[in-house]
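Heads up, the thing below is written out as structure tokens.
Numbers here simply count residues along the sequence, with the first being 1.
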Amino acid sequence: MKKGQYYEGVVETVDFPNKGILYVDGRRVVVKDALEGQKIRFLVSKVRKDRCEGRLVEVLERSERESEQPWCKNFGSCGGCLFQTLSYKEQLGLKERQVKSLLDTVCSNYEFLGIKESPKPWGYRNKMEFSFGDEYKDGPLALGLHKKGSFYDIVTTDDCGLVDRDFNRVLALVLSHFTELGIPYYKKLAHTGILRHLLVRRSERNGELLIALVTASGELVDAVDYNLRERLELDSLVVKLRELSFDGSIAGVLHIINDGLADVVKSDRTEILYGRDYLTEELLGLQFKITPFSFFQTNSSGAEVLYDVVRKFVGETRDKVIFDLYSGTGTIAQLLAPVAAHVVGVEIVEEAVEAARVNAKNNGLENCEFIAGDVLKVISEIEEKPDFIVLDPPREGVHPKALKKIIDYGVERMVYISCKPTSLVRDLEVFKENGYDVKMAVGVDMFPWTGNVEVVCLLSKLKSNKLKRINVELEMDELNLTVAEIKATYEEIKDYVLRQSGL
């Protein structure tokens, strides 16, 4: 098998999140975006000693598992969805197998509770960051998501099924407005142009929309805000948006200027063009203020399922101190506050911390404290010690140095929430080496039609008598036992101790 050659084969399994595994001439091949049971044609892109990698060229035969027809015109070209040809039930089964397979590599004797479905498989996303660009070089202005496998090309996604219809209405109007004006998009390599992103957030509870146009300042230096606003005809854009028929309503329209070199949505300066710069959401009876850059689960109804699992895993915490690390806007901290003595949230995004403080005050919670800073540094400065820890880190997981500090607290139990099971498994290896076992785990499908899934694990610290070998002194001459019998007796005693401790 050589690089650049074409081969055919049948996909046997799919590893998280989208790695199709097949064997050709005895060689293991990984082909992304292929589904279990499909017969595919692929181009070999990498050859390694133990495996090969290929690029999917064509699906020659559909899998028996594929019972649906794609519902989006951009399926296959847009990088957002993977599983439109699978029923939702089939997707859940695939993700459940993937999660359990990963956990089984590091966990034993744990209870796997399967996967919980999203209450809304369609239109569930409450936030989207759309990019300006073109679908091909020098093509017409596009606004949407990145083309699959491309850092530059953009596919206009004005009929996306992952979001509410109001998102698509906003996108279509904004694209039409700037197409008519002939405003250029920002080119990431040349650092020229103006239009960068369109950020839209929506409250599941009341349908409010927060719309933010993100642009560079362009060539204009003097009186940037006034001139740029005039050039982009932002007042006219606001009027058009307000006249548009929505299922919900507009909470605010913002103009964000970002002259940073990285292709991320951030603010150097923000102007409110209409309304306010936040919206409100409700989860499990609590109110939350959400700003443009607040971390908040992108599936509100799914978040209620997720946090209900977390509350059950946490269990009884009366008179205990809880650390909510990587706390975002403090959602978990506030959900746990009524059943805790004190909750400390740590989050690196200062805006999210400010929102968390406001949210806690509005919810009448006085036993919540939120600290802005890197978890790695902050936990060394907190004098208070936790009785229980909740971890909800970003996709890359917990920093190794921070992980060591967290383990050093020695809490009996903690809950780990992960949006990337492979990062979770890596961190669980470290926990296991330091005397923690996974007691229960469950998947929550926060991202239907995509390859992503959320996983919640309850970790329990093994007591010293379980970490050390159980020493039973036996006089072989007196008891006349064989080595096999001694080992069997040892196992019986060990099992008895584990049962007595509830594990």
Side-chain angles (χ1 to χ4, degrees), residues 127-135 137-147 150-158 160 163 166-202 209-242 244 250-279 290-294 349 351:
K127 175 188 175 184
M128 285 291 271
E129 295 177 357
F130 300 111
S131 298
F132 286 96
D134 51 21
E135 192 167 349
K137 188 176 181 180
D138 299 327
L141 183 67
L143 175 57
L145 302 178
H146 282 271
K147 198 171 184 178
S150 175
F151 181 67
Y152 301 101
D153 301 333
I154 301 297
V155 178
T156 295
T157 52
D158 54 0
C160 180
V163 295
D166 283 349
F167 282 74
N168 296 325
R169 291 164 178 148
V170 171
L171 184 150
L173 187 147
V174 171
L175 177 60
S176 173
H177 176 81
F178 291 116
T179 298
E180 291 175 4
L181 292 178
I183 304 296
Y185 71 89
Y186 180 82
K187 295 186 177 180
K188 292 184 283 288
L189 290 180
H191 307 301
T192 60
I194 293 178
L195 302 173
R196 300 193 69 158
H197 298 94
L198 174 66
L199 169 64
V200 184
R201 305 195 79 144
R202 178 180 179 274
L209 295 169
L210 187 62
I211 303 166
L213 174 70
V214 185
T215 75
S217 59
E219 301 80 19
L220 304 173
V221 178
D222 298 324
V224 166
D225 292 332
Y226 175 80
N227 290 329
L228 188 59
R229 180 169 178 164
E230 188 176 75
R231 181 178 178 184
L232 299 179
E233 296 188 14
L234 296 183
D235 292 337
S236 173
L237 177 61
V238 170
V239 171
K240 292 177 182 178
L241 286 169
R242 293 185 64 189
L244 198 60
I250 298 178
V253 181
L254 314 177
H255 178 210
I256 297 174
I257 292 178
N258 171 22
D259 280 326
L261 300 182
D263 186 30
V264 295
V265 178
K266 71 180 190 69
S267 172
D268 295 333
R269 184 166 185 160
T270 299
E271 177 187 7
I272 299 177
L273 302 177
Y274 169 77
R276 58 181 189 270
D277 62 352
Y278 68 92
L279 50 76
I290 303 172
T291 59
F293 300 103
S294 295
V349 180
E351 184 182 6

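The environment of K240 atom NZ is dense: over 12 non-hydrogen atoms of other residues, nucleotides or ligands sit within 6.0 angstrom.
Using the six-membered ring where Trp is involved, H191 and Y186 have ring planes that are tilted, between 30° and 60° apart.
Residues L273 and R229 meet the side-chain proximity criterion, which asks for heavy atoms closer than 4.5 Å. Looking at H197 and L143, their side chains never come closer than 4.5 Å, going by heavy atoms from C-beta outward.
Between the side chains of T270 and S267, at least one donor N or O lies within less than 3.5 Å of an accepting N or O.
In this structure, E271 does not pair ionically with R269, as no charged nitrogen and carboxylate oxygen lie closer than 4.0 Å.
A distance of 6.5 Å separates CZ of R196 from CG of D263, quoted to the nearest 0.5 Å. The CD1 atom of I194 lies 13.5 Å from the OH atom of Y185; values are rounded to the nearest 0.5 Å. With values rounded to the nearest 0.5 angstrom, L244 atom CG is found 5.5 Å from L173 atom CG. From L210, atom CG reaches atom OG of S294 across 9.5 Å, with rounding to the nearest 0.5 Å. Taking CZ of R201 as the start and CG of L279 as the end, the distance is 7.0 Å to the nearest 0.5 Å. One finds the OG1 atom of T157 at 4.0 Å from the CG atom of L145 (value rounded to the nearest 0.5 Å).
Of all heavy-atom pairs between F178 and L232, the closest is CE2-O, 3.7 Å. The heavy-atom pair separating A216 from G193 by the smallest distance is CB-O, 3.8 Å.
Looking at T179, its side chain does come within 3.5 Å of a backbone N or O of L175 through a donor-acceptor pair. Using modelled atom types, one side-chain atom of D268 and one backbone atom of D259 make a donor-acceptor pair closer than 3.5 Å.
Cation-pi check for K266 over F293 is not met; the charged atom does not lie both under 6.0 angstrom from the ring centroid and within 45 degrees of its normal.
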